[in-house]
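Take a look at the structure below.
The chains referred to below are lettered A, B, ... by the order of the sequence lines, with proteins before strands, and numbering in each begins at 1.
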Protein chains: 2
Amino acid sequence: MGNPKQKWTSEEEEALRAGVAKHGTGKWKDIQRDPEFNPFLSSRSNIDLKDKWRNMSVSAGGQGPREKSRSSKAKANPDTPTTTPSSVQTSVAASVAHDTAADPNVDDSTKSLTDGKNASSYNAMIFEALSTLNEPNGLDTSKIVSFIEQRHEVPQNFRRLLSTRLRRLVTQDKLEKVV
Amino acid sequence: MGNPKQKWTSEEEEALRAGVAKHGTGKWKDIQRDPEFNPFLSSRSNIDLKDKWRNMSVSAGGQGPREKSRSSKAKANPDTPTTTPSSVQTSVAASVAHDTAADPNVDDSTKSLTDGKNASSYNAMIFEALSTLNEPNGLDTSKIVSFIEQRHEVPQNFRRLLSTRLRRLVTQDKLEKVV
DNA sequence: CGCTAGGGTTAGGGTTCC
DNA sequence: TGGAACCCTAACCCTAGC
């Protein structure tokens with residue numbers, strides 16, 4: 001693309017700082033239009049100004065490494081009960097982490113590379129479903145089944161097989177049942 | 001000012017849909033006032049309703065039923081600061097749950113049945129690696145790369161592509177960086 | 001004035017480039 | 001890998017017109 005990526009010059013940054021000082025943050029269009037700064041910012045959009053200000057703020061004052069959690073519970077969440085009762089859900093949480101201690105011995109013993117239809121490659125399909133249609137609250141069994149059926153060959157008793165796998169993963173802490 | 005931006009919850013959306021079904025579009029104030037929906041929409045103005053309906057219509061009619069939603073997961077976040085100078089690791093935690101709101105419209109529509117090489121099917125491979133060689137502390141990038149390379153075709157710049165995906169998943173709370 | 005329809009702008013998450 | 005520049009779009013604002 002013809003996108004050489006336009007780096008910001010110090011004049012532009014200066015103009016932006018002055019503009020914010022005059023109009024306040026959030027008034028990007030006003031700043032961009034202001035004849036006092038426009039000569040320096042003519043090639044920048046109001047959105048560019050906003051983005052640049054965000055970057056400047058981060059690198060400048062942002063020194064609070066901690067405090068990263070999203071929380072923001074400020075939202076009043078009435079959370080009405082009895083909202084359309086439907087099906088039971090499952091959620092997943094695979095957690096894995098590698099430890100620094102290298103352990104040479106392979107214990108997996110997973111059968112082999114035969115990633116055909118059977119084996120724990122079903123796990124992969126499950127995660128594929130969960131990560132592809134990535135719903136905030138997870139997928140119930142039915143949704144997982146239909147997703148997988150659409151793109152893989154599956155045995156006839158698949159649904160049963162799947163729920164077994166799901167339960168297994170949950171006990172292994174790789175999935176998290178959500179409701 | 002104290003307006004961190006209020007994202008719409010599914011309850012609110014549902015109430016809005018029901019309100020429109022009952023009063024018709026354009027009757028925003030009526031919907032907002034209706035005691036049947038007001039409990040869900042008390043923090044929204046009639047104008048908010050109108051704007052939201054516009055957004056919903058756009059995304060519904062178009063093509064991208066993209067619905068991300070943030071939703072904060074109360075996941076315990078140990079977050080160890082700068083420890084173990086050795087190698088960095090990654091771990092994963094996918095969490096999904098299905099939401100109760102039933103939506104009649106078929107939303108699967110995920111195009112790509114071509115689950116070939118590209119696309120977010122990489123996510124599936126990542127989870128496959130993590131769940132197959134299921135290490136107590138997760139896998140570092142290199143291990144994931146070699147696992148995947150052994151059983152799938154991958155582009156040459158795969159390692160880079162992978163780390164991008166990993167970062168993405170982490171920000172989505174589907175993976176957890178373990179260190 | 002109250003309310004709605006639309007166009008305009010901002011906020012913030014996500015993505016790409018280097 | 002990480003940060004700076006850029007993109008996307010939900011959420012919010014402004015205003016004409018009824």
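Checked against D/dG2, D/dA5, D/dC7, the side chain of B/Arg160 finds its nearest nucleotide in D/dG2. Here the nucleotide nearest the side chain of A/Arg33, chosen from C/dT9, D/dG3, C/dA5, is C/dT9. Nearest nucleotide to the B/Lys7 side chain, out of C/dG6, D/dA10, C/dG12: D/dA10. Each of D/dA10, C/dT9, D/dC7 was ranked by its minimum atom distance to the side chain of B/Asn55; first place goes to D/dA10. The nucleotide whose nearest atom lies closest to any side-chain atom of B/Lys29 is, among C/dT4, C/dG13, D/dA5, C/dT4. Distances were taken from every side-chain heavy atom of B/Ser163 (C-beta onward) to each of C/dG6, D/dA5, D/dT1; the shortest belongs to D/dT1. For B/Arg167, taking side-chain heavy atoms from C-beta onward, the closest of the listed nucleotides D/dA10, D/dG2, C/dT4 is D/dG2.
A side-chain donor from one of A/Asn123 and A/Arg165 sits under 3.5 Å from a side-chain acceptor of the other.
Nearest-nucleotide positions on DNA chain C place A/Trp28 closer to the 5' end than the other of B/Thr164 and A/Trp28. Of the residues near DNA chain D, A/Lys50 and B/Lys50, the one whose nearest nucleotide (by heavy atom distance) lies more toward the 5' end is A/Lys50. When each of A/Asp48 and B/Asp51 is assigned the nucleotide of DNA chain D with its nearest heavy atom, A/Asp48 is the one assigned upstream, toward the 5' end.
B/Arg159 comes within 4.0 angstrom of nothing in the nucleic acid, heavy atoms only.
When the C1' atom of D/dA4 is taken as reference, atom CD of A/Glu13 falls 11 Å away, rounded to whole Å. Remark: P of D/dA11 and CG of B/Leu49 are 12 Å apart, rounded to the nearest angstrom. If you take CG of B/Leu161 and P of C/dC17, they are 12 Å apart, rounded to a whole angstrom. The nearest whole Å value for the distance from the NZ atom in A/Lys27 to the C1' atom in C/dT9 is 11 Å. In this structure, A/Gln32 atom CD and C/dG8 atom C1' are separated by 14 Å, rounded to whole Å. Rounded to a whole Å, the CG atom of A/Asp30 is 12 Å from the C1' atom of D/dC14. Spacing between atom CD1 of A/Ile47 and atom C1' of D/dA10 amounts to 13 Å, rounded to whole angstrom units. One interatomic measurement links the two molecules: CG of B/Leu166 to C1' of D/dG2, which rounds to 15 Å at whole-angstrom precision.
With hydrogens and angles ignored, the 3.5 Å screen pairs no side-chain donor or acceptor of A/Glu149 with any backbone N or O of A/Val154.
Residue A/Lys5 places a side-chain atom within donor-acceptor reach of the base of C/dT16, judged by atom type and a 3.5 Å distance cut-off alone.
Under 4.0 angstrom from either OP1 or OP2 of D/dA10 there lies no side-chain N or O belonging to B/Lys52. For C/dA11, the OP1/OP2 oxygens have no side-chain nitrogen or oxygen of A/Trp53 closer than 4.0 Å. Neither OP1 nor OP2 of D/dC12 sits under 4.0 Å from any side-chain N or O of B/Arg54. At C/dT10, one or more side-chain N or O atoms of A/Asn46 fall inside 4.0 Å of OP1 or OP2 (strictly under the cut-off).
Heavy atoms from other residues, nucleotides or ligands lying under 6.0 Å from CZ of A/Phe158 number more than 12.
In this structure, B/Arg54 pairs ionically with B/Asp51, as a charged nitrogen and a carboxylate oxygen lie closer than 4.0 Å.
Taking the six-membered ring where tryptophan is involved, the planes of A/Trp28 and A/Trp53 are tilted, since the angle between them lies from 30° to 60°.
Both B/Phe147 and B/Leu166 are members of a single hydrophobic cluster when ILVMFWY side chains are connected at heavy-atom separations under 4.5 Å.
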